[in-house]
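Residue numbers start from 1 in every chain, and the chains themselves are labelled A, B, ... in the order their sequence lines are given, proteins ahead of strands.
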Amino acid sequence: MRGDSASMKVLRPATADEAVRMYARAPKALPVAGGTDVMVLWNAGLLNGRVVLDLWGVEEWRKIRVRKDGILIGALATHARLREHPAIREKFPLLSEACATVGAEQIQNRGTIGGNVANASPAGDTFPALAVYEAVVHVASAKGRRTLPLSQVFAGVKKTALAPGELIEAIFLPMLPRRPDRRVFRKVGQRAAQTISKTVGAAVLFLNKDGTVEELRVAFGSVAPTVRRLRAAEDALKGRLLTAASAEEACGLIERDISPIDDMRSTREYRLRVTRNILRAFLWS
Amino acid sequence: MIKLKVNGRTRTFKGAPFTRLIDVLREELGLTGTKEGCGEGECGACTVLVDGAAVCSCLIPVCQADGASVETVESLGTPEKLGALQEGFLKEGGAQCGICTPGMLMSATGWLRRGGGADAASLRCAIAGNLCRCTGYQHIIDSVVSSVKGRKRARR
Ligand SMILES: Cc1cc2nc3c(=O)[nH]c(=O)nc-3n(C[C@H](O)[C@H](O)[C@H](O)COP(=O)(O)OP(=O)(O)OC[C@H]3O[C@@H](n4cnc5c(N)ncnc54)[C@H](O)[C@@H]3O)c2cc1C
Ligand code: FES
Ligand code: FES
């Protein structure tokens, strides 16, 4: 069975207000942003007969606003724009780097940050960067607006904590206190492009003047049902010098926070080992 | 009613708004240069430019292209007068079975339009979303490089 366009009813809001009002009236509607997740399912005939809430025309959700306290990224900002946006490249380079690895050019030109988050795949490539930057998700419904820390948005594999009628309107990245001393983004998949991550990680490191760790923030995706900060490793290194031994100790703690599985793309053992290798190389090389 | 500019001509579409762009192009407008390989965004055979950006026409409901400008492989040249990129593919053997070729041509067009050049590493990245089961890619890279060089020579 293929997608049957005649079976679909399409709602086409032009403003955010219209979008949340239409969604309130049709709570079973399926939001579509860039469609790079939705259309794959639709083409396979899995979404026939649905009402679709086409968000693509909501111009105000395309905006990227650079403020003193952070950058507010409209939910409809595409990976291609985030990959190239000068202020994001400067202040939040891990996000630009991550967006540049989502699918390939065609997917980056359509896929949105809001769609990536709402889809809540364990392998969403922007999530480690968003977790490290402690992103705040702005949500809107006909009843009003609220914000959630990224860590509270994901409820499980492909599940979010959005209530019925809620849409993601923006993602806020608070400015870091200063430029990190080190950062890394690594995605490991079957090939360099158009690939689903076996493991994907992002980290920033702030060092004290004496070389001890002031703060480490590190997050990995594809190694648990949702993106995870490696809190045990982060805490273990606080205030300590980075040495071969302390880095190894941190690498030994990753299973406190992640629990990779065997699946068609990789094995638990491979994912653990590569995740450890990425962390070790970042901390001590 | 949905209005598109396709290869410079204004077209209207009165069918179901969730019809895929590729189906409107091929079946309503008879522009069969655009191919469907996978229907999943993986292969890039269906690549067209929408407002100048390379996208998979199999992943776009036509209502999302309302008011947009769409360019397909048919815009690049005619059998009598091929475009520079097409000449490059002919000269360097960039096409074998040809199924991937329209998509390759459109990805390369999008890349060159964005100011991309002929450096092979970034070209490989620009066409990473296009699969080819025949050429092994090197001839495709050579084709684009050759057309860029040809164009520079023509300008001199
Ligand atoms: C070939 C291919 C390769 C891919 N490669 C990658 C990859 O490497 N890494 C990766 O992370 N992803 C990848 N993806 C998945 C996808 O491209 C991304 O998740 C993308 O960011 C989705 O955004 P979208 O706007 O296209 O979402 P859509 O398909 O429009 O929507 C996705 C989901 O989110 C919901 N939704 C969308 N916007 C909102 C909103 N504002 N509020 C509430 N709900 C919303 C929809 O209802 C749907 O459930 C790939 C997809 C394809 C087809
Ligand atoms: S047919 Fe669209 S990407 Fe394969
Ligand atoms: S020439 Fe046959 S798939 Fe590329």
Would a distance-only check, ignoring hydrogens and angles, find a side-chain to backbone donor-acceptor pair under 3.5 Å from A/Gln194 to B/Gly41? yes
Can you confirm whether more than 12 heavy atoms, excluding those of B/Arg9, are under 6.0 Å from its CZ atom? no
Check the pair A/Arg2, B/Glu40 against salt bridge (Lys or Arg N to Asp or Glu O under 4.0 Å), reporting the backbone distance first and the verdict last. CA-CA 12 Å; A/Arg2 303 288 315 254; B/Glu40 299 183 354; over 6 Å; no
Among A/Gln106, A/Met39, A/Arg12, who wins on heavy-atom pairs under 4.5 Å with chain B? A/Gln106
Are the side chain of A/Asn43 and the backbone of B/Leu59 linked by a donor-acceptor contact shorter than 3.5 Å? no
Look at atom CD of B/Gln138 and say whether more than 12 heavy atoms of other residues, nucleotides or ligands are closer to it than 6.0 Å. yes
Identify which of A/Lys9, A/Arg110, A/Met8 forms the greatest number of heavy-atom pairs closer than 4.5 Å to chain B. A/Arg110
B/Glu42 side, atom CD; A/Ile107 side, atom CD1 - distance, nearest 0.5 Å: 7.5 Å
Taking every non-hydrogen pair under 4.5 Å, which of B/Ala126, B/Cys58, B/Cys38 racks up the most with chain A? B/Cys58
Taking atom types as modelled and ignoring hydrogens, do the side chains of B/Gln64 and A/Asp54 form a donor-acceptor contact shorter than 3.5 angstrom? yes
Could you tell me which non-hydrogen atom of A/Ala104 sits nearest to which non-hydrogen atom of B/Ala128, and how far apart they are? CB-C, 3.9 Å
If the contact rule is any heavy atom under 4.5 Å from chain A, which residues of residues 87-117 of chain B qualify, in numerical order? B/Ser107, B/Arg114
Report, as yes or no, whether the 6.0 Å neighbourhood of atom CZ on A/Arg182 holds more than 12 heavy atoms from other residues, nucleotides or ligands. yes
I'd like to know whether CZ of A/Arg186 has more than 12 heavy-atom contacts from other residues, nucleotides or ligands below 6.0 angstrom. no
Side chain from CB out, backbone as N, CA, C, O: work out which of these in B/Thr19 comes under 4.5 Å of a heavy atom of chain A, or both, or neither. both
As an exercise: rank B/Gly44, B/Pro61, B/Gly67 by heavy-atom pairs under 4.5 Å with chain A and give me the winner. B/Pro61
If one checks every heavy atom of B/Leu131 against chain A at 4.5 Å, the contacting part turns out to be side chain
CZ of B/Phe18 to CG of A/Leu47, rounded to nearest 0.5 Å, is 7.5 Å
Would you say the side chains of B/Asn130 and A/Glu105 form a donor-acceptor pair under 3.5 Å? no
Quick one: what part of B/Ala54 sits under 4.5 Å from any heavy atom of chain A, side chain, backbone, both or neither? both
